[in-house]
Amino acid sequence: PDVSHFSSLDNKRLIESDKAHYMHGYHAFDEHRQHGSLNITQGDDAYIRDAQGQQYLDAVGGMWCTNIGLAREEMAQAIAEQTRQLAYSNSFCDMANDRAIQLSEKLAELAPGDLDRVFLTTGGSTAVDTAIRLVHYYQNCRGKHEKKQIITRINAYHGSTYLTMSLGGKQADRPEEFDFLTDGIHHLSCPNFYRAPEGVNEAEFLEGLVAEFENKILEIGPERVGAFLAEPIMGSGGVIIPPAGYHRRMWEVCQRHDVLYISDEVVTSFGRLGHFFASEAEFDIQPDIITTAKGLTSGYQPLGACIFSERIWEVIAEPGAGRCFSHGFTYSGHPVACAAALKNIEILEREALLPRAREVGRYFEQRLRTLEDLPIVGEVRARCFMACVEFVADKTTRTLFPEALNIGEWVHLRAQKRGLLVRPIVHLNVMSPALTLTHEQVDFVVDVLRESILETLEDLRAAGHW
Ligand code: PLP
């Protein structure tokens, strides 16, 4: 639809209404009162358009999720058809629907190894929440009632429910106004080599991380540790790509101590790293549980899944034990969301978007790394279609700009006026564009970032910050 019919009066009213009624995710009260938000009214492939008609290449990909790109007619058709046929059905044990069954079968086929059992959720947080409840349930079924402690990592992000926020380890997500669960949750170091202690090489850094994990298990007692939870590449924590071999080594520690490995692939699945799932394909591990969401429907519908092993199933579903897994959401297995996921997977397969993502992704990585010659670019971290630029005030000492300066926002605003959206997270610009991105669009992203960083430098100098 043409949005030019929105009069400036309508826009003004919407801006006021946004401020008067709409509490956003991560609502920064003072900032929103002052600047409001960018009201997006249209999307097409990798582009979005605001209420003023300004178009942006959305290098953020919505929120790590618009994998096949926006405005796909056949997605609209699939969603409309399913809505006409069956808009909703209860998915508790006595009922099913074709789409939820088909999607579960498909996910079991795509997931590695014996991860053949699927619990459908409403998004990523509820998938991770489900995974933790499943771990507790499983350990109780085995009679290991003490084996419930969960080990996660500093800088991890696993969602915004009370439990998943407590599992996360991002300092910025832990303001003093919020409370967190602390019982039963332990945080290990973030595997960010760029921030490793001086003089430590990558191999030594890796050994330290593995030893820290094993020591933590021994300190708590292996009989009390239920699961290790980790994103293959940390997303919101700053696109942290761990040292080579890290996940395999951590998985081996899990194997030694009968600790379940939960791979949180909410971001890294459905093509973001060039595969349906990255755990085995990229990191050579066979987790016990995988959580996914986002690219599962490419954002066309809210949906997540907790996919777990036949080994866990055999314990919890022991015939004759008379158990019930009393956990389920009204919208678990929602037929319209499942229809969207099935069509999304069909498109990823038919258009061979995963091998394409691997090929263009390599180009994206290479081109982005060219920004490392700029004086405030400390490091570019990029793997396939997950990327970030980290800004520093001093490249030698890797000292950050003061947090209050919000350097990521400086670059973001200068890119935005040039028609590019990147996601500012304090001293970072994070990117996860649609997998349909062309080489020319990659060039546009990198060229605009370079210009925006150079302009930021001039403005920092003029304002006496650099
Ligand atoms: N896990 C990871 C790794 C994520 O990045 C996110 C969201 O960004 C979540 C879980 C939570 O997903 P959702 O926002 O769909 O609840």
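Note that this is a predicted model, so its numbers are computed, not measured. When a ligand or atom number is given, it counts from 1 through the structure's own listing order.
- Side-chain contact of Glu81 with Gln85: a donor-acceptor pair under 3.5 Å is absent, judged by distance alone.
- When hydrogens are left out, the protein atom nearest atom 5 (O) of ligand 1 is Val267 CG2, 3.3 Å; that is the closest non-hydrogen contact.
- Taking only nitrogen or oxygen atoms, main chain and side chain alike, Lys294 reaches within less than 3.5 Å of ligand 1.
- At least one donor-acceptor pair under 3.5 Å links the side chain of Glu372 to the backbone N or O of Val380.
- Each of the atoms 11 (C), 12 (O), 13 (P), 15 (O), 16 (O) of ligand 1 lies under 4.0 Å from some heavy atom of Gly124.
- Using a 4.5 Å heavy-atom cutoff, the side chains of Thr268 and His275 are not in contact.
- Using modelled atom types, one finds no donor on one side chain facing an acceptor on the other under 3.5 Å when comparing Thr297 with Asn344.
- Heavy atoms of Glu231 found under 4.0 angstrom from ligand 1 belong exclusively to the side chain.
- Not a single heavy atom of Glu265 sits under 4.0 Å from any atom of ligand 1.
- Of the N or O atoms in Ala293, none lie within a sub-3.5 Å distance of an N or O in ligand 1.
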* Does the pair Glu379 and Arg369 meet the rule for a salt bridge (charged side-chain N to carboxylate O under 4.0 Å, His left out), with working shown? -> CA-CA 8 Å; Glu379 188 180 45; Arg369 287 209 184 94; over 6 Å; no

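- For atom 1 (N) of ligand 1, the closest heavy atom belonging to the protein is Asp264 OD2, 2.7 Å.
- Between the side chains of Tyr47 and Gln441, a donor-acceptor pair is found at a separation under 3.5 Å.
- Here's the thing with Ser125: one of its N/O atoms is less than 3.5 angstrom from an N/O atom of ligand 1.
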